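One structure is given below, encoded as structure tokens.
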Amino acid sequence: MSRAALLVLADGRLPAGGHAHSGGAEAAVKAGRITGARSLEDFCRGRLHTTGAVSAALAGAAALGVDPVALDEAADARTPSAALRTAARKLGRQLLRAARVAWPSPELDALAARFPKGAHQPVVLGTAARAAGLDAEDAAHCTAYENVSGPATAVVRLLSLDPFEATAVLARLAPDMDTVARQAAEAARRAWDEGTDTLPAASAPLLEVGAEGHAGWDVRLFAS
Amino acid sequence: MSPASPAGVHARARIGARADRYGRTVLPVLEGEAPLALRRTRATGPAAQVTLVGAMSGPLGGDRLVVEADVGAGARLGVGSAAATIALPGQDGAAAHYDVRLTVASYAELRWLPEQLISVRGSELRVTTRADVEEGGCLVLREEQVLGRAGEDPGLLRSRLTVRVAGRPLLDQELTCGPGAPGGWDGPAVLGGHRAVGQLVLIHPRFAQEPPAATMLTDHAALTPLPGPGALITALSPNALHLRHTLDEALHRLT
């Protein structure tokens with residue numbers, strides 16, 4: 001395993017389109033639910049332990065080599081919001097384009113052929129991690145981090161939040177990210193042994209409802 | 001030495017609905033164990049109607065309750081409950097378990113519309129609801145979670161809802177809330193201070209061809225098409241009454 005490969009995969013500068021998505025933060029800012037560093041942290045912690053935990057487990061399972069078609073189906077069922085399914089596939093397609101150049105592999109090619117409109121992003125990320133020689137916990141860590149770094153960066157732009165404050169939020173969330181990644185890797189191994197039904201399914205009702213509202217806005221800064 | 005923990009109540013209730021040769025729905029299976037009782041009640045349409053009685057004083061910590069409904073091809077069944085289900089603390093701090101297993105055959109219909117689940121301070125309850133619908137089957141399923149009685153803090157509630165259609169997972173979601181739930185459960189991404197949250201799942205073959213468009217129903221309620229022949233309404237409300245009003249309006253709009 002290459003630790004540097006994990007840094008490359010987790011780097012926000014990886015050209016995979018993530019910067020265009022706020023992870024629900026734009027809707028939460030507009031609704032007045034995120035007003036500063038404190039509520040951003042609460043938002044990120046809730047997101048991390050729900051959709052973050054689910055995405056990390058999906059990515060971990062894909063990194064182990066669990067059937068990506070079954071994982072994509074499991075991701076669909078765990079993403080009831082149609083707007084969020086669309087966003088996840090769009091992000092998956094963009095990540096796959098970058099990953100196929102960075103870590104060429106027959107598995108990434110097969111994923112592209114099977115899902116021309118894009119597979120769910122965590123499934124692509126896990127498969128890319130596998131191609132880069134990373135393991136399930138690496139993929140889960142990367143996904144857990146992305147899950148909160150996206151909204152934190154977005155809120156810097158949306159609220160003109162001090163970037164130092166946003167970074168401090170992420171630093172304070174590090175122990176939670178480690179826990180989520182460790183549990184996700186365990187869930188991934190269980191999915192390998194017992195099937196994808198055992199994957200976690202934690203949901204965040206406000207993110208789901210907010211995503212449908214956000215998708216209908218005429219003018220918005222972020223795609224989701 | 002720790003004393004043996006007192007075992008909670010283990011009870012099961014079963015409903016089996018079948019279409020007879022005249023197309024009417026009969027109930028060859030209708031059995032409950034205390035504290036779960038089932039009553040066939042007067043129906044207003046062609047569907048058979050059953051009311052679940054007696055879950056109102058529980059479950060208590062340590063209890064394990066199972067409710068099963070199986071609707072055979074061509075049968076139509078409606079199930080409601082006489083009162084809200086109230087998760088209460090047990091004597092030894094053990095969790096209560098409430099499992100609902102629903103199966104709906106082709107050309108069958110199940111309307112599963114129970115009253116609210118209220119999570120009371122100090123309680124711990126795990127609910128799992130699993131619905132398996134065959135291709136061509138119809139399901140209307142409502143779940144409402146209320147966090148605490150009026151002005152009360154909730155207990156720990158973990159509720160998982162899984163719906164499969166023709167063997168494929170269409171919806172799988174779990175809500176964990178209350179003291180002891182993972183961080184951020186009451187924050188701006190998850191519940192944001194709302195004390196009532198509900199889901200209404202609609203499975204119908206017509207949604208495969210004409211999925212309903214995603215729509216906001218209120219500021220905190222949305223309708224979304226599921227990845228298959230179904231739709232989901234998710235609603236958050238300050239209280240149970242407001243939540244029911246939102247879900248009822250959505251149900252009338254879609255059926």
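Predicted, not measured: the structure shown is a model, and the values here were computed from it. Sequence lines set the chain letters: A, B, ... in the order given, protein chains first and strands last, and positions in each chain run from 1. Just the heavy atoms: all of them, side chains too, but no hydrogens, waters or symmetry mates, feed the values below.
Considering all non-hydrogen atoms of both residues, A:F43 and B:A189 come closest at O-CB, 3.4 Å. Taking all atoms of both residues into account, the shortest heavy-atom contact from A:H49 to B:G183 is CD2-O, 3.5 Å. Nearest heavy-atom pair across A:E212 and B:A214 is OE1-CB, 3.2 Å. Shortest non-hydrogen contact noted between B:P169 and A:E73 is CD-OE1, 3.5 Å.
In this structure, A:R45 contributes its side chain and B:G184 its backbone to no donor-acceptor pair below 3.5 Å.
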Legend entry - Derivation and outcome, side chain to side chain contact (heavy atoms under 4.5 Å, CB included), residues B:R168 and A:D76: CA-CA 11 Å; B:R168 184 173 179 261; A:D76 252 356; 3.9 Å; yes
Inset, instruction - Check step by step if side chain to side chain contact (heavy atoms under 4.5 Å, CB included) holds for B:R164 and A:D197. - result: CA-CA 11 Å; B:R164 300 176 78 90; A:D197 284 354; 3.0 Å; yes
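Annotation for B:H10: atom NE2 counts as buried by contact number, over 12 foreign heavy atoms lying within 6.0 Å. Within 6.0 Å of CG on B:L241 lie no more than 12 heavy atoms contributed by other residues, nucleotides or ligands. Within a 6.0 Å radius of CD in B:E152, more than 12 heavy atoms belonging to other residues, nucleotides or ligands are found. More than 12 heavy atoms of other shown residues, nucleotides or ligands fall within 6.0 angstrom of atom CZ in B:F207. Surrounding CZ of B:R244 are more than 12 heavy atoms belonging to other residues, nucleotides or ligands, all under 6.0 Å away. Heavy atoms of other residues, nucleotides or ligands lying less than 6.0 angstrom from CZ of A:R172 number more than 12.
Proximity to chain B is limited to the backbone of A:L199, based on heavy atoms less than 4.5 angstrom apart. In this structure, chain A has no heavy atom under 4.5 Å from any part of B:A181. With a threshold of 4.5 angstrom between heavy atoms, B:L236 approaches chain A through side-chain atoms but not through N, CA, C or O. Residue contact with chain B, scored on non-hydrogen atoms closer than 4.5 Å, is absent for A:D176. Within the 4.5 angstrom heavy-atom criterion, atoms from both the backbone and the side chain of A:R78 approach chain B. Contacts of B:T176 with chain A are absent, with no heavy-atom separation under 4.5 Å from either backbone or side chain. With a threshold of 4.5 angstrom between heavy atoms, B:L232 approaches chain A through side-chain atoms but not through N, CA, C or O.
Under the 4.5 Å side-chain criterion, counting only non-hydrogen atoms from C-beta, A:V209 is in contact with B:M216. Counting heavy atoms from C-beta outward, A:P80 and B:Q173 have side chains that approach closer than 4.5 Å.
Note on A:G213, A:A211, A:A28: by heavy-atom pairs under 4.5 Å with chain B, the leading option is A:G213. The candidate with the highest count of non-hydrogen atom pairs below 4.5 Å against chain A, out of B:A222, B:P227, B:G193, is B:P227. Per-residue heavy-atom pair counts under 4.5 Å with chain B were compared for A:A83, A:G216, A:A202, and the maximum is reached by A:A202. No other option in A:G210, A:G46, A:A74, A:P205 has as many heavy-atom pairs under 4.5 Å with chain B as A:P205.
Separating the CG atom in A:L206 from the NE2 atom in B:H194 is a distance of 6.0 Å, to the nearest 0.5 Å. Here the CZ-OG distance, from B:R160 to A:S203, works out to 10.0 Å after rounding to the nearest 0.5 Å.
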Could you give the side-chain donor-acceptor pairs of residues 61-71 of chain B under 3.5 Å, partners two or more places apart or in another chain?
unit_1: B:D63; atom_1: OD1; unit_2: B:V9; atom_2: N; d: 2.9
unit_1: B:D63; atom_1: OD2; unit_2: B:L60; atom_2: N; d: 2.9
unit_1: B:E68; atom_1: OE1; unit_2: B:R12; atom_2: NH1; d: 3.4
unit_1: B:E68; atom_1: OE2; unit_2: B:R12; atom_2: NH1; d: 3.2
unit_1: B:D70; atom_1: OD1; unit_2: B:T103; atom_2: OG1; d: 2.7
unit_1: B:D70; atom_1: OD2; unit_2: B:R18; atom_2: NH1; d: 3.4
unit_1: B:D70; atom_1: OD2; unit_2: B:R18; atom_2: NH2; d: 2.7

